[in-house]
> 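Have a look at this one before I ask anything.
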Amino acid sequence: MQVIETLAEGLKREIKVVIPAKDMEDKMNERLADVKDKIRINGFRPGKVPAAHLKKVYGKSIMAELVNEIVREQPTAILSSRGEKSATQPEIAMTEDKDEADKILSAQQDFEFTLSYEVLPPIELKSVKGIKVTREVIDISDDEVNEQVLKVAESARSYESKTGKAANGDRITMDYVGKVDGEAFEGGTDQGAELVIGSGRFIPGFEDQLVGVKAGEEKNITVTFPADYPAKNLAGKEATFDVTVKDVAAPGKVEINDELASKLGIESADRLKEIVRGQIESQYGSLTRQKLKRQILDQLDEMYKFDTPSSLVDAEYNGIWSQVNNDLAQSGKTFEDEDTTEEKAREEYKTLAERRVRLGLVLSEIGEKAGVEVTEDEMQRAIYEQLRQYPGQEKQILEFFRSQPGAAASIRAPIFEEKVIDHLLTEIDVTDKKVTKEELLAEDEGEAKAETKKAAPKKKAAAKTEAAEAGEGEEVAPKKKAAPKKKAADESAE
């Protein structure tokens with residue numbers, strides 16, 4: 001077998017592989033000799049079929065098997081012998097001419113194919129001793145814990161139907177149909193909807209007009225959608241809602257006690273406070289971790305400058321661009337609404353894709369040299385978390401992971417990344433700094449926006465970037481949630 005390099009330009013490689021027809025014929029004859037005793041052909045006793053007849057009947061099919069085996073197995077062996085790692089699966093090209101293919105299968109012509117691929121760039125790891133990061137931490141006060149416990153209590157508050165007029169704080173159960181220019185619009189209809197007056201869940205002006213209604217009453221409400229409403233077909237337009245009040249219920253008294261805890265499945269009020277404190281610590285810890293990771297990745301980005309495989313960058317960019325366009329479509333916005341143009345956005349996200357790939361390769365190399373591994377137990381826990389998110393679909397999801405190798409890799413990637421970051425935190429200079437909750441949240445919001453342009457990388461060999469949490473989109477119906485946020489990439493590199 002001849003292996004000839006025909007292209008070595010930057011990270012791109014092209015290899016021509018030639019296997020002489022005589023070698024292919026010898027392999028075919030060996031395969032025929034191995035199976036001759038198992039073949040049954042009418043008119044011949046087992047094992048007595050002439051070799052020439054066997055070759056005439058089965059030669060081409062066995063040769064086709066050999067060709068498939070060669071193109072399946074040899075690329076890996078060739079790259080290994082060259083000491084190279086391919087960024088993606090090498091592209092294999094063979095003749096498409098039927099006459100030539102027939103000659104190859106008849107051992108009358110050499111079998112040739114080419115491999116085209118990009119190599120992963122060699123990365124010489126640098127010392128991380130010079131990396132200095134600040135870990136922002138906050139003290140959680142009893143007041144904040146009590147405030148959150150109160151919100152939990154309010155969410156579990158009981159309501160009792162009443163016959164009088166609805167007042168602020170009462171819960172309304174209603175059916176409604178929303179119309180613009182006399183026509184019902186998509187998403188503007190609901191039945192049995194519950195709304196606490198004064199909660200601010202519905203668009204401005206809607207809840208105020210429910211004050212004073214009674215059960216069984218029909219009410220026509222007129223409101224104007226905000227000018228910046230995500231659904232462009234409704235933004236700034238006047239709408240009417242035909243409301244039928246099904247029930248008016250007064251709120252029960254909110255008390256934080258063991259009875260409340262028991263209702264929530266917790267043994268005591270003290271234990272409830274412990275759980276809430278733990279949740280707050282986890283939320284702030286996630287923000288602290290995210291900002292800490294961002295500092296590490298920013299400094300690694302400054303330390304490493306090398307060409308990245310265009311195949312990985314293109315794949316990463318396509319994923320980002322698809323998500324960006326999906327977000328814009330869901331929010332009803334355009335690039336102009338985001339104070340940019342499509343051309344500028346493409347340039348920015350291309351730069352983002354390159355950064356993600358580069359940092360992903362760096363983290364992969366660091367993790368490999370440090371012996372970072374993802375255990376089976378960690379994989380099982382991560383898959384279990386995936387199953388929990390889709391109750392009733394466990395069987396299909398498990399089958400998906402079994403049948404799609406890339407699916408398991410996407411689960412392994414963020415675990416690997418976090419373990420590499422944990423390793424780096426033992427090697428670099430980390431200084432703790434106490435901050436207020438406002439400082440932590442405000443600064444993080446600003447940095448998250450910046451990360452839209454310079455977030456950490458996705459990477460094929462190791463990890464893929466996770467998206468930062470984004471607010472839920474506002475519904476078309478009069479319910480009002482947080483307006484959709486522009487998605488920001490978080491600090492995962494895998």
Side-chain angles (χ1 to χ4, degrees), residues 10-12 87-88 118 121 226-236 287 290-291 293-363 413 417 441-460 463-474 481-494:
L11 300 177
K12 294 182 179 180
T88 58
E118 286 184 290
D228 60 351
Y229 197 74
K232 292 298 185 183
N233 62 314
L234 298 175
L287 286 174
Q290 179 178 322
K291 296 173 73 172
K293 187 190 299 186
R294 183 179 297 125
Q295 293 176 62
I296 293 173
L297 294 178
D298 282 347
Q299 292 182 61
L300 288 175
D301 188 40
E302 291 297 322
M303 291 170 60
Y304 291 92
K305 302 296 181 185
F306 53 82
D307 291 337
T308 51
S310 59
S311 53
L312 292 184
V313 173
D314 290 344
E316 181 64 32
Y317 168 77
N318 290 337
I320 296 172
W321 192 247
S322 175
Q323 184 62 58
V324 167
N325 281 279
N326 286 340
D327 291 344
L328 288 175
Q330 290 178 11
S331 66
K333 293 187 176 182
T334 64
F335 289 104
E336 286 70 24
D337 293 329
E338 299 293 337
D339 296 325
T340 187
T341 64
E342 180 175 340
E343 183 179 2
K344 289 181 179 178
R346 285 183 179 277
E347 292 176 1
E348 292 172 354
Y349 288 120
K350 189 75 171 183
T351 300
L352 170 58
E354 291 172 353
R355 170 185 159 106
R356 286 181 172 178
V357 169
R358 184 180 301 107
L359 284 177
L361 294 171
V362 170
L363 286 183
E417 173 199 292
L441 297 176
E443 187 176 350
D444 183 75
E445 180 180 357
E447 291 185 359
K449 290 180 180 178
E451 281 308 309
T452 303
K453 298 183 180 180
K454 60 166 190 173
K458 279 189 183 176
K459 185 189 101 25
K460 177 178 177 65
K464 292 202 171 184
T465 306
E466 303 169 48
E469 293 183 0
E472 292 184 293
E474 189 169 321
K481 301 178 182 177
K485 298 177 183 177
K486 184 179 180 182
K487 272 206 176 172
D490 112 325
E491 287 318 295
S492 304
E494 286 208 89

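By convention here, the first residue in the shown sequence is residue 1.
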> Decide yes or no on side chain to side chain contact (heavy atoms under 4.5 Å, CB included) for L312 and T308, but give the supporting numbers first.
CA-CA 8 Å; L312 292 184; T308 51; over 6 Å; no
> Go through it in stages, so that I can follow the logic: the residues are R355 and D298, the test is salt bridge (Lys or Arg N to Asp or Glu O under 4.0 Å), and I'd like the CA-CA distance, side-chain angles, deciding distance and then a yes or no.
CA-CA 10 Å; R355 170 185 159 106; D298 282 347; 2.9 Å; yes
> Can you find a side-chain donor-acceptor pair between E118 and S311 that sits under 3.5 Å?
yes
> State which residues pass side-chain hydrogen bond (donor to acceptor under 3.5 Å, both in side chains) with Y317; sequence neighbours excluded, sorted by chain then number.
R346
> For residues A227 and A235, report the shortest heavy-atom separation together with the two atoms involved.
O-CB, 3.4 Å
> Less than 4.5 Å apart, side chain to side chain, heavy atoms only: is that true for F306 and L361?
yes
> Using the test side-chain hydrogen bond (donor to acceptor under 3.5 Å, both in side chains), find all partners of D314 that sit at least two apart in sequence or belong to another chain.
K350
> Can a side-chain donor-acceptor contact be found between E336 and T341 if the only test is distance below 3.5 angstrom?
no
> Kindly write out the residues that satisfy salt bridge (Lys or Arg N to Asp or Glu O under 4.0 Å) with E347, not counting sequence neighbours, or none if the list is empty.
none
> To the nearest 0.5 Å, what is the distance between CG on L297 and CZ on R294?
9.5 Å
> Between E342 and W321, is a side chain to side chain contact (heavy atoms under 4.5 Å, CB included) present by the stated rule, with each step listed?
CA-CA 10 Å; E342 180 175 340; W321 192 247; 3.8 Å; yes
> Take E316 and E354 through the test side chain to side chain contact (heavy atoms under 4.5 Å, CB included) and record every step on the way to the result.
CA-CA 8 Å; E316 181 64 32; E354 291 172 353; over 6 Å; no
> side-chain hydrogen bond (donor to acceptor under 3.5 Å, both in side chains) with D337: which residues, sequence neighbours excluded?
T334
> For T340 versus A345, what's the shortest heavy-atom pair and its separation?
OG1-N, 3.9 Å
> Please report the interatomic distance CG(L328) to CD(Q323), rounded to the nearest 0.5 Å.
10.0 Å
> Just jot down the side-chain contact (heavy atoms from CB on, under 4.5 Å) partners of D307, sequence neighbours excluded, or say none.
L11
> N318: which residues meet the side-chain contact (heavy atoms from CB on, under 4.5 Å) condition with it, sequence neighbours left out?
none
> Using the rule side-chain contact (heavy atoms from CB on, under 4.5 Å), only one of Q299, M303, K305 pairs with D301; which is it?
K305
